Amino acid sequence: MTEAAHKAGAQPSFRVFRGAEAPGLDETDKMTLAGLTPIVEAGIARWVGAGVGEGNVTKVLFALPHMSLTYAWFKSGFALPLHSHDADCLYYIIAGSLKLGTEELGPGDGFFVGSDVPYTYKPGPDGVEVLEFRTVEHFDMKFQGRTEAYWDKVVAGMDAARPRWDKERPPSARA
């Protein structure tokens, strides 16, 4: 791509990305928090304190203005609070398993979540690795837990799962 085309906002027609060089989602400006209230802010702080950084790895593999690809590994029992995003998202499970409502999903399975649709899932006993495909580069995350009692349950889930996380490896590394 020429410098003039780049400055004009043209999209590259070919691009390689390397997972080993992908930044953590928290190192980028790709996701912002939205819909914060004092209870949600306090709940997020408690959730983070209960080991968010120990229980998941999330990396931005690829991003352009109208497309992004994120990798996420959630360790076993990781408590993912009910939340929504302001963009559609297609999830593909590459290893491990998860429970979404009454559905058990494993490698090769996936699900679609529309914009602003609240959802959560629970990683299986070996954790889960997913790819998240979006048609946007930037998106938000709105946590739906509106009571302290809700966040008490989330934190209790993290506290129960956290002791085993230091020994866990991604499910794809076990195959």
Side-chain angles (χ1 to χ4, degrees), residues 19-20 22-28 30-36 39-61 68-87 89-113 116-134 139-175:
L25 181 61
D26 59 343
E27 299 171 58
T28 72
K30 305 301 181 201
M31 185 176 75
T32 57
L33 296 178
L36 297 175
I39 288 176
V40 171
E41 284 188 64
I44 292 170
R46 291 176 56 208
W47 179 57
V48 169
V52 166
E54 296 169 49
N56 88 96
V57 174
T58 308
K59 295 184 174 203
V60 178
L61 299 174
S68 63
L69 175 61
T70 303
Y71 161 87
W73 165 35
F74 294 101
K75 296 181 180 181
S76 66
F78 183 84
L80 182 63
L82 183 67
H83 66 284
S84 65
H85 301 286
D86 64 349
C89 190
L90 180 66
Y91 292 83
Y92 179 79
I93 300 166
I94 55 176
S97 63
L98 61 82
K99 188 164 185 178
L100 178 69
T102 60
E103 298 287 331
E104 299 270 351
L105 303 175
D109 295 335
F111 57 98
F112 173 83
V113 179
D116 296 316
V117 174
Y119 73 102
T120 186
Y121 57 83
K122 183 175 180 178
D126 293 326
V128 68
E129 290 174 272
V130 298
L131 293 176
E132 304 175 356
F133 300 86
R134 290 187 177 83
F139 56 94
D140 73 12
M141 185 170 197
K142 294 180 204 118
F143 290 98
Q144 306 297 317
R146 303 286 181 223
T147 67
E148 288 183 33
Y150 175 83
W151 289 100
D152 289 345
K153 288 180 186 177
V154 169
V155 170
M158 297 286 278
D159 289 342
R162 189 177 188 181
R164 63 181 176 265
W165 289 343
D166 63 336
K167 294 179 178 70
E168 288 191 26
R169 296 183 339 190
S172 62
R174 298 178 197 162

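Just so we're clear, the structure is a prediction, and the values are computed from it rather than from any experiment. Heavy atoms only: backbone and side chains are in, while hydrogens, waters and symmetry mates are out.
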Student: I need the Ser84 OG to Lys142 NZ distance, nearest 0.5 Å.
Tutor: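 It comes to 4.5 Å.
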Student: State whether the side chain of Glu27 and the backbone N or O of Gly24 hold a donor-acceptor pair below 3.5 Å, judged by distance alone.
Tutor: yes
Student: Could you tell me whether a side-chain N or O of Glu168 sits under 3.5 Å from a main-chain N or O of Gly127, the two making a donor and an acceptor?
Tutor: no
Student: Please round to the nearest 0.5 Å and tell me the distance separating atom CG of Asp86 and atom CE of Met31.
Tutor: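 These two atoms lie 11.0 Å from each other.
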Student: Working to the nearest 0.5 Å, report the span between CG of Leu82 and CZ of Arg146.
Tutor: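 Answer rounded to 0.5 Å: 9.0 Å.
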Student: Just jot down the side chain to side chain donor-acceptor pair (under 3.5 Å) partners of Thr58, sequence neighbours excluded, or say none.
Tutor: Asn56
Student: CG/Asp152 to CZ/Arg46 distance, rounded to the nearest 0.5 angstrom?
Tutor: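 Atom-to-atom, Asp152:CG and Arg46:CZ are 4.5 Å apart.
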Student: Closest approach of Ser97 and Pro125, non-hydrogen atoms and distance?
Tutor: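 Taking every non-hydrogen atom into account, OG-CD, 4.0 Å.
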Student: Looking at Gly19 and Leu61, what are the two nearest heavy atoms and their distance?
Tutor: CA-CD2, 3.8 Å
Student: Over 60° means perpendicular and under 30° means parallel, so classify the ring planes of Phe143 and His83, tilted if in between.
Tutor: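 Ring orientation of His83 relative to Phe143: tilted.
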Student: Would you call Lys30 and Ser68 a side-chain contact if the rule is heavy atoms closer than 4.5 Å?
Tutor: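 SC-SC contact between Lys30 and Ser68 ruled out.
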Student: Report the distance from atom OH of Tyr92 to atom CG of Leu69, rounding to the nearest 0.5 Å.
Tutor: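 Spacing of OH (Tyr92) from CG (Leu69) equals 12.5 Å.
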Student: Quick one: which residue pairs count as a side-chain hydrogen bond (donor to acceptor under 3.5 Å, both in side chains) with a foot in residues 120-131, not counting sequence neighbours?
Tutor: Tyr71-Glu129, Asp126-Arg174, Glu129-Ser172
Student: Which pair of non-hydrogen atoms, one from Glu54 and one from Lys75, has the smallest distance, and what is that distance?
Tutor: O-NZ, 3.0 Å
Student: Quick check: closest heavy atoms across Ala72 and Glu132, and the distance to 0.1 Å?
Tutor: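 For Ala72 versus Glu132, the nearest heavy atoms are CB-OE2, 4.0 Å.
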Student: Which pair of non-hydrogen atoms, one from Trp47 and one from Val155, has the smallest distance, and what is that distance?
Tutor: N-CG2, 4.0 Å
Student: Apply side chain to side chain contact (heavy atoms under 4.5 Å, CB included) to the pair Asp109 and Glu104, showing each step before the final yes or no.
Tutor: CA-CA 9 Å; Asp109 295 335; Glu104 299 270 351; over 6 Å; no
Student: Using a cut-off of 6.0 Å, state whether more than 12 heavy atoms not belonging to Glu41 lie near its atom CD.
Tutor: yes
Student: At what distance, to the nearest 0.5 angstrom, does CD1 of Ile44 lie from CG of Leu33?
Tutor: 5.0 Å
Student: Which atoms form the tightest heavy-atom contact between Pro171 and Trp73, and what is the distance?
Tutor: CD-NE1, 3.7 Å
